[in-house]
2 protein chains.
Amino acid sequence: MTSSGLHAARARGGNARQLVHELLRARIVGLELQPGTPLSENELAAELGVSRTPVRESLILLAEEGLVDVYPQLGTFVSRLREQDIASAQFVREALELAALRDGVERADQRDILELRALLAAQTDAERRRDPEAFFRLDEEFHARLMAAAGHPEAWSLVHHAKAHLDRARRLSLPLEDQLALLIRQHTDVVDAVEQRDAQGADAALRGHLRQVFADVETVRTRHPQLFGEADTPPRPRPRRESRKRSVDR
Amino acid sequence: MTSSGLHAARARGGNARQLVHELLRARIVGLELQPGTPLSENELAAELGVSRTPVRESLILLAEEGLVDVYPQLGTFVSRLREQDIASAQFVREALELAALRDGVERADQRDILELRALLAAQTDAERRRDPEAFFRLDEEFHARLMAAAGHPEAWSLVHHAKAHLDRARRLSLPLEDQLALLIRQHTDVVDAVEQRDAQGADAALRGHLRQVFADVETVRTRHPQLFGEADTPPRPRPRRESRKRSVDR
DNA sequence: CCTGACGTACTTGTATGGTAGCCGACACGA
DNA sequence: TCGTGTCGGCTACCATACAAGTACGTCAGG
C-alpha cells in the first residue's frame with residue numbers, strides 16, 4: 001500500500017510533512033489529481049497512513065503555492081487553472097530564466113555544457129521511447145541545471161513553483177505529435193548559443209522556447225476547458241445544481 | 001494582554017495563523033527579533049495567547065521564506081543573514097522588477113504616474129520627519145505600485161519575499177545621513193523615466209537604485225558582523241531567559 | 001581536580017479531541 | 001407546487017496530549 005511506502009521513505013529520509021507535500025504536489029502537477037478535486041484532510045490522512053497534522057501542514061504549503069484552494073469550514077480543492085495564475089507564472093519564469101541566462105552565457109564552463117548535452121541526449125532517448133513522463137523529469141533537470149550553470153541555483157525553486165502552473169496544463173499537450181522533438185530542438189539551440197557565448201542568440205532561443213510552452217497551454221485550454229475556470233466559487237464535489245456563493249478570504 | 005488584542009483582530013480579520021505569521025514576519029524583518037534569536041513554539045503560543053498549532057504553522061511558512069531555521073528536536077531560530085540568501089534575493093528582485101519595468105514603461109498611464117508621485121511626496125515627508133519606519137512602509141508601497149502599474153501585481157509577492165532578506169540588513173543603514181534623500185531621488189528618477197517612456201533610462205535608474213540597496217547591505221555587514229553567518233550549526237548553544245533588547249551598537 | 005555517564009528539562013514532530021460554521025436533504029406549512 | 005425552517009453530516013481551525021530526540025547540569029569514579 002501507499003502507507004508502507006511512505007513509512008519506508010520516512011525511515012530513510014525526511015519527515016512526514018515533506019513526504020506528503022511532495023507526494024501531493026506530484027499528483028497535482030501530474031494531473032493525477034485533477035483541478036477541482038476535493039481534498040479532505042481526514043481522507044488523505046487515512047489513505048496515507050499518517051495523522052491529519054502533516055497532511056494539513058502540507059495543504060497549507062500547497063495553498064501557498066497556489067496549487068490548492070482552502071475554503072474554511074467548507075473544504076480544500078485542487079485549484080483550477082486560472083488565466084491569471086498561468087500568465088503570472090509565465091512572467092516570473094521568463095524574467096528569472098532569461099536573467100539567469102544572461103549570466104550563464106558568461107559563466108558556463110565546458111563542464112556545464114557537457115552535463116547539459118548529456119541531458120539533451122537523455123531527452124532524445126525519452127522521445128524515442130515515447131515516454132513523456134521521463135521527458136518531464138529531464139526537462140525539469142535541464143532548466144534547473146541551466147540556472148545552476150548561470151550561478152543562480154537557489155532561484156530555481158521559484159521557477160520550479162511557477163513552472164508547476166504551466167506544466168499542469170502543458171502535460172496534456174506533450175504526447176502530441178512531434179511536440180517533444182520540437183522542445184528538444186529548442187533546448188539544443190539554447191545550449192549551442194551558450195557554448196558559443198552568443199548572448200543575443202541564447203536569449204532569443206530561450207525566450208522562444210518559453211513562449212512555445214506558453215502557447216501549448218492555450219492549445220490545451222481549447223481542448224480541455226473543464227480544467228480551467230476563474231473559480232471565485234468553490235468547486236462542487238458531486239453537485240447536481242448550481243448555487244451562488246460569495247468567496248471568503250483572499 | 002496580548003491575547004485580547006489578537007482575539008479582537010481575529011474577530012475582525014483573518015484566522016490565527018495569518019495573524020501570527022504577519023506579526024512574526026514584521027518582528028523579524030523589523031529586527032525586533034534579531035538573527036539568531038531562538039523561537040520556542042510553546043513560548044510564542046503562551047505569549048500570543050493561542051495554542052501551538054497556529055504558531056507552528058506560521059513558523060513553517062517563515063521557514064519556507066528563509067526567515068527562520070528549524071532544527072528538529074533542537075529548536076527554531078531567526079535565521080542569520082547569509083551571503084547566499086542575500087545575493088539570491090538581490091538576483092530575484094532585480095530580475096523581476098526590471099522585467100516588470102520593461103512592461104511598465106509602455107503600460108503605465110497618467111493615473112499610475114500620479115499615484116507614484118503621491119508616494120514620492122509622502123516619502124519626502126517621512127524623510128523630513130526623520131521617520132525611517134514610515135519610509136520603509138512607503139518604500140514597500142512604491143515598489144508594489146510600480147509592479148502593479150506594469151501589469152504584474154501578483155509577482156509582487158515574490159519580490160516582497162526576496163526584499164525581506166535585503167530589508168532586514170538594510171534597515172540598520174537607513175537612519176544614516178542622507179540615505180533616505182538619496183533613495184527618494186532614485187525613486188524619482190525612475191518615475192521620471194517611466195513618464196517619458198524612456199525604457200533605457202528607466203532600466204538604468206531602477207538598476208542603479210537596486211544596486212544601491214545591495215551596497216547598503218555590504219556596509220551593514222562590516223558594521224554588524226554578528227548578524228551575519230553561514231549557520232551550518234544552530235546559532236547559539238542556548239540563551240536562557242530574557243536577554244534580548246540588545247541595543248544595536250556602533 | 002578532571003573526566004565521563006546519566007538524568008532532566010527542554011525542543012520539534014505527530015496524533016487526536018473538540019468547536020464553529022457551511023451545505024444539502026427533508027419535513028412541514030401556505 | 002413552492003417556500004421555509006430544521007437537522008444531520010461534513011469541513012477546516014484550533015487546542016491539547018503523547019512521542020522521539022537533543023543539550024546541559026549533575027554527580028560518581030578515576
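Reminder, nothing fancy here: chain letters follow the sequence lines and each chain counts from 1.
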Rounded to the nearest Å, what distance is computed from the [atom1] atom of residue [X] to the [atom2] atom of nucleotide [N]?
| X | N | atom1 | atom2 | answer |
| --- | --- | --- | --- | --- |
| B:Asn42 | D:dC18 | CG | C1' | 13 Å |
| B:Asn15 | D:dC13 | CG | C1' | 8 Å |
| B:Arg17 | D:dC14 | CZ | P | 7 Å |
| A:Phe77 | C:dC23 | CZ | P | 10 Å |
| A:His21 | C:dG13 | NE2 | P | 15 Å |
| B:Leu74 | D:dT22 | CG | C1' | 6 Å |
| B:Gln18 | D:dC14 | CD | C1' | 14 Å |

Checking [X] now: which residues fulfil salt bridge (charged side-chain N to carboxylate O under 4.0 Å, His left out) with it, not counting sequence neighbours?
| X | result |
| --- | --- |
| A:Arg211 | A:Glu94 |
| A:Arg17 | A:Glu57 |
| B:Glu140 | B:Lys163 |
| A:Glu154 | none |

**Request:** Go through C:dA15, D:dA12, C:dT11 for me and flag the one nearest to the A:Thr76 side chain.
**Result:**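 Of the candidates, D:dA12 comes closest.
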
**Request:** Go through C:dT12, D:dC13, D:dT22 for me and flag the one nearest to the A:Pro72 side chain.
**Result:** D:dC13

**Request:** Give a yes/no answer on whether the side chain of B:Ser51 brings an N or O atom under 4.0 Å of OP1 or OP2 in D:dT16.
**Result:** no

**Request:** Just jot down the ring-ring contact (aromatic ring centres under 6.0 Å, His included) partners of A:Phe142, sequence neighbours excluded, or say none.
**Result:**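 Applying ring-ring contact (aromatic ring centres under 6.0 Å, His included) to A:Phe142 gives A:His187.
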
**Asked** Hey, what do you get for OG (A:Ser88) to CZ (A:Arg82), rounding to the nearest 0.5 Å?
**Response** 11.5 Å

I'd like a list of close polar pairs between nucleotides 5-8 of chain D and the protein, N/O only, cut-off under 3.5 Å.
none

**Request:** Please work out which residues in residues 52-67 of chain B have a non-hydrogen atom less than 4.0 Å from an atom of DNA chain C and list them by number.
**Result:** B:Arg52, B:Arg56

**No-H, no-angle donor-acceptor pair, B:Gln73 side chain to C:dT12 base, under 3.5 Å** =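 Answer yes: a donor N or O sits under 3.5 Å from an acceptor.
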
**Message:** According to side-chain hydrogen bond (donor to acceptor under 3.5 Å, both in side chains), who are the partners of A:Arg93, at least two apart in sequence or on a separate chain?
**Reply:**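 Scan of A:Arg93 (side-chain hydrogen bond (donor to acceptor under 3.5 Å, both in side chains), adjacent residues dropped) gives A:Glu97, A:His143.
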
**Fill in**
By side-chain hydrogen bond (donor to acceptor under 3.5 Å, both in side chains), A:His165 pairs with (sequence neighbours left out) none

**Message:** For B:Gly151 versus B:Pro153, what's the shortest heavy-atom pair and its separation?
**Reply:**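 Scanning both residues completely, I find the closest heavy atoms to be C-CD, 3.3 Å.
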
